[in-house]
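Scroll down for the structure; my scribbles are underneath it.
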Amino acid sequence: MKKLGLIAGMGELPKAIAIEARQKGFHVTAVALEPLADSSLSSYVDDIRWINVGKLGEIIDSLKHSAVSDVVMAGKVPKSLLYKSRITPDLRAIKLLLTLKDRSDDSIMLAIMREMEKDGIKLLNTTDFCSDMLMNSGVLTKKGPTEEEWDDIRFGWRVAKEIGRLDIGQTVVVKNQAVMAVEAIEGTDEAIKRGGYYANEGAVVVKVSKPQQDMRFDVPVVGIDTLRAMMEVKARVLAIETGKSILLQKEHFIRDAEDAGISVVGYRDDIDQVCPK
């Protein structure tokens with residue numbers, strides 16, 4: 001039987017990937033990152049080991065011990081943990097951090113990937129095991145954006161792609177073609193709440209992949225928690241990049257968005273019919 005390693009952080013994505021991988025005939029061995037991974041993950045995988053998120057050497061040794069050579073990373077690992085003393089790094093992790101030119105997401109993840117490759121572990125694209133969850137093109141909800149909101153989507157797209165290019169974040173919150181918030185270390189949901197506060201209802205949220213997006217890690221993911229953050233500040237539109245972003249629990253998400261009066265759009269700037277002018 002084919003083996004797949006799953007390094008699991010926060011959220012529902014690790015479970016969704018485990019389900020699809022097992023359906024494809026993989027024996028799934030999970031490394032659940034403490035204190036992040038959901039306790040229910042053990043019900044979705046064949047084997048599981050819980051390891052502190054900072055124990056890089058232990059994570060790699062565990063995968064090697066299980067004879068796993070192909071691995072998927074899934075689930076959020078907040079970089080803020082580096083600054084909240086919730087990570088207890090081992091020697092291998094400390095050495096890795098000391099080699100970094102900076103502590104941007106891409107720098108950290110590429111360094112981790114290279115460390116795994118030294119031990120014969122290959123990181124696969126996250127999207128290899130969640131193809132059905134990739135964002136569709138067009139308006140997914142019954143009610144679409146207004147003309148002014150389409151203008152905000154186009155404006156927000158340009159800004160979001162630029163902050164992505166700089167490896168700052170993937171999400172912006174805009175209103176009336178003005179930036180209310182830019183995602184940084186706090187993550188998407190907190191950026192939405194902050195931007196929604198300044199927008200005073202009616203904000204447009206745009207989430208994109210980076211222009212240099214590596215599909216092996218940090219793929220944009222939107223789930224129910226993001227929708228709840230939007231509902232809390234009465235945001236009006238969510239635009240997600242088509243084909244390069246993951247929408248979790250799609251039917252549930254769209255139903256709840258419609259109930260909340262939120263329009264959900266799969267957008268790419270090269271598809272005119274998606275974004276009428």
Side-chain angles (χ1 to χ4, degrees), residues 1-53 59-60 62-78 109 112-113 116 121-137 140-141 170 187-189 207 209 213-229 238 240-258 264 266:
M1 179 179 286
K2 300 175 290 184
K3 289 187 176 183
L4 180 71
L6 174 62
I7 300 176
M10 296 172 63
E12 296 296 310
L13 183 59
K15 290 185 279 189
I17 284 180
I19 290 171
E20 183 164 329
R22 293 176 83 184
Q23 288 173 345
K24 290 181 175 179
F26 284 88
H27 180 282
V28 179
T29 296
V31 172
L33 301 178
E34 295 179 322
L36 304 173
D38 193 305
S39 60
S40 65
L41 180 63
S42 57
S43 300
Y44 293 81
V45 299
D46 297 291
D47 301 301
I48 191 166
R49 185 173 179 188
W50 296 83
I51 301 176
N52 182 275
V53 66
I59 291 168
I60 292 173
S62 177
L63 293 169
K64 288 171 62 181
H65 179 75
S66 300
V68 170
S69 58
D70 291 329
V71 170
V72 171
M73 285 186 177
K76 187 174 183 180
V77 179
M109 295 308 301
I112 291 172
M113 185 185 70
M116 293 195 297
I121 297 170
K122 179 183 178 183
L123 193 60
L124 305 181
N125 287 346
T126 307
T127 50
D128 288 348
F129 298 94
C130 57
S131 55
D132 290 343
M133 291 176 271
L134 289 175
M135 186 64 184
N136 306 99
S137 295
L140 274 62
T141 44
Q170 300 169 324
T188 298
D189 298 347
K207 188 175 182 76
S209 66
Q213 185 71 50
D214 191 320
M215 301 307 285
R216 292 171 293 184
F217 54 81
D218 203 23
V219 178
V221 178
V222 176
I224 297 299
D225 286 344
T226 299
L227 185 61
R228 288 178 182 146
L238 173 63
I240 315 166
E241 182 166 2
T242 299
K244 291 187 177 181
S245 302
I246 295 167
L247 180 58
L248 296 171
Q249 299 173 286
K250 191 175 295 184
E251 292 184 5
H252 179 193
F253 189 100
I254 297 304
R255 183 177 64 249
D256 286 359
E258 288 178 338
V264 180

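Source: prediction; values computed, not measured.
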Identify the two heavy atoms, one from [X] and one from [Y], that lie closest to each other, and give their separation to 0.1 Å.
| X | Y | answer |
| --- | --- | --- |
| V68 | G5 | CG1-N, 3.3 Å |
| A74 | P14 | O-CG, 3.4 Å |
| Y44 | A18 | O-CB, 3.5 Å |
| D38 | E12 | OD2-OE2, 4.1 Å |
| I121 | K64 | CD1-CG, 4.2 Å |
| T126 | L13 | CG2-CD2, 4.2 Å |

Is atom NZ of K122 surrounded by more than 12 heavy atoms (other residues, nucleotides or ligands) closer than 6.0 Å?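 No, not enclosed.
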Please say whether more than 12 non-hydrogen atoms of neighbouring residues, nucleotides or ligands are located less than 6.0 Å from NZ in K250.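 Yes - once you tally the heavy atoms of other residues, nucleotides and ligands closer than 6.0 Å, there are more than 12.
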Quick one, [X] and [Y] - any side-chain contact, counting heavy atoms below 4.5 Å?
| X | Y | answer |
| --- | --- | --- |
| M109 | M113 | no |
| K15 | L41 | yes |
| D128 | V72 | no |
| L124 | F129 | yes |
| Q213 | P220 | yes |
| I224 | L248 | no |
| D218 | Q170 | yes |
| L123 | M116 | yes |

Inter-residue atom distance [X].[atom1] - [Y].[atom2], 0.5 Å rounding:
| X | Y | atom1 | atom2 | value |
| --- | --- | --- | --- | --- |
| L238 | I240 | CG | CD1 | 4.0 Å |
| D132 | I19 | CG | CD1 | 12.0 Å |
| H27 | S66 | NE2 | OG | 8.5 Å |
| R49 | S62 | CZ | OG | 4.5 Å |
| E20 | L4 | CD | CG | 11.0 Å |
| I59 | L33 | CD1 | CG | 5.0 Å |

The single option from D47, I48, V45 passing side-chain contact (heavy atoms from CB on, under 4.5 Å) against T29: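 It is D47; the other options fail the test.
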Start with the C-alpha gap between L36 and V53, add the side-chain angles, then the distance that decides, and say whether side chain to side chain contact (heavy atoms under 4.5 Å, CB included) holds. CA-CA 8 Å; L36 304 173; V53 66; 4.1 Å; yes
Consider salt bridge (Lys or Arg N to Asp or Glu O under 4.0 Å). Of K3, K2, R22, which one does D46 pass it with?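 Only one option passes, and that is R22.
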One pair to check against side chain to side chain donor-acceptor pair (under 3.5 Å): E241 and S209. What are the steps and the verdict? CA-CA 7 Å; E241 182 166 2; S209 66; 2.8 Å; yes
Under 3.5 Å, is there a donor on one side chain and an acceptor on the other for T127 and N125?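 There is no such pair between these side chains.
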Answer yes or no: is there an ion pair linking R255 with E251, defined by an N-O contact shorter than 4.0 Å?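 Looking at R255 and E251, the cut-off is not met.
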Is a side-chain donor or acceptor of T226 paired with a backbone partner of V222 at a separation under 3.5 angstrom? no
Kindly indicate, with the supporting measurements, whether the criterion side chain to side chain contact (heavy atoms under 4.5 Å, CB included) is fulfilled by L247 and L134. CA-CA 6 Å; L247 180 58; L134 289 175; over 6 Å; no
Candidate pair T188 and K207, rule side chain to side chain contact (heavy atoms under 4.5 Å, CB included), full reasoning: CA-CA 8 Å; T188 298; K207 188 175 182 76; 2.6 Å; yes
